[in-house]
Amino acid sequence: MHLCRKLGTTLLRSRITETEAYLAEGDAASHSSIGVRPRNRWMFGPPGSLYVFAIHARCCLNAVTESEGIGSAVLIRSLEPLEGIDLMKQRRQREKIGELTCGPARLCEAYGIDLSHNGLLLFQRKQLWLESPLEPKVQATEHIEATPRIGISKAKELPLRFILKGNSFLSRSS
DNA sequence: TGATTGATGAGCT
DNA sequence: GCTCATCAATCAG
């Protein structure tokens, strides 16, 4: 899918290349595992809403997946920039395209996403939304692969990170 | 070898 | 329990 963002008069569009799933049950790494708290309450919102959390003075973006009250979401970890690249460079203070949106906190900075976007509904297509591209979603040289998640200390073994293998816009090389 | 990043964890209430 | 930014890991030069 493409992640689209209206920022002033500029349209940002990028292809999602890497995500991680965080489950409602049996997942110690999931923020929802401790129950509803002020910090994580947006993770229990309706499907298609946003859960944005702050970590190390930065933000990370999740899309809530399950029904309201369940507490399951997908962390967007990396993007391949397609449109609005100049604005992303400006926001990130970086010239290299590979440093704009590769990494969960990087893409939030490039897209201007912060805690104020918590609860935003993706399907309302206002500030932030998803679009299904017309061209093939996965190129012939790519395929989706599941790997263990990155940067967590609990439930490391679960294969809940999904990458577009063959695409260079991932949060980590390999 | 220096910079950047980050589903944490120390410290305070 | 909540706030808020460390420093280890990883990557770029």
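We name chains A, B, ... by the order of the sequence lines, and we start the count at 1 in each one.
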* Structure fact -> The complete set of side-chain hydrogen bond (donor to acceptor under 3.5 Å, both in side chains) pairs with one or both residues in residues 148-159 of chain A, sequence neighbours excluded, reads A:Asp27-A:Arg149
* Interatomic distance where CZ belongs to A:Arg77 and P belongs to B:dT5 [whole Å] -> 13 Å
* To do: Name every residue in residues 57-74 of chain A that has at least one heavy atom under 4.0 Å from any atom of DNA chain C, in order of residue number, or write none if there are no such residues.
  => A:Ala57
* Who pairs with A:Glu68 by salt bridge (charged side-chain N to carboxylate O under 4.0 Å, His left out), at least two apart in sequence or on another chain? -> none
* Pairs counted as Watson-Crick or G-U wobble with both distances under 3.5 Å: what dot-bracket string results for DNA chain B, using | for bases tied to another strand? -> ||||||.|||||.
* Between the side chain of A:Thr65 and the main-chain N/O of A:Ser72, is any donor-acceptor distance below 3.5 Å? -> yes
* A:Thr19 and A:Arg77 side chains, donor-acceptor separation under 3.5 Å -> no
* **Along DNA chain B (nearest heavy atom to each residue), the more 5'-positioned of A:Arg94 and A:Lys154** => A:Arg94
* To do: Scan A:Glu20 against the nucleic acid and name what it touches under 4.0 Å (heavy atoms): base, sugar-phosphate only, or nothing.
  => nothing
* Asked: Of all the nucleotides listed (C:dT10, B:dT8, B:dG6), which has the minimum atom distance to the side chain of A:Arg172?
  -> C:dT10
* Structure fact -> By side-chain hydrogen bond (donor to acceptor under 3.5 Å, both in side chains), A:Glu80 pairs with (sequence neighbours left out) A:Arg15, A:Asn167
* **Residues from residues 28-38 of chain A lying under 4.0 Å of DNA chain C - heavy atoms** => A:Arg37, A:Pro38
* Side-chain donor/acceptor of A:Ser171 to backbone N/O of A:Gly103, under 3.5 Å -> no
* To do: Using a 4.5 Å cut-off on heavy atoms from C-beta on, say whether the side chain of A:Val74 contacts that of A:Phe162.
  => no
* Take the protein atom CZ of A:Arg39 and the nucleotide atom C1' of C:dG1, then report the distance between them rounded to whole Å. => 12 Å
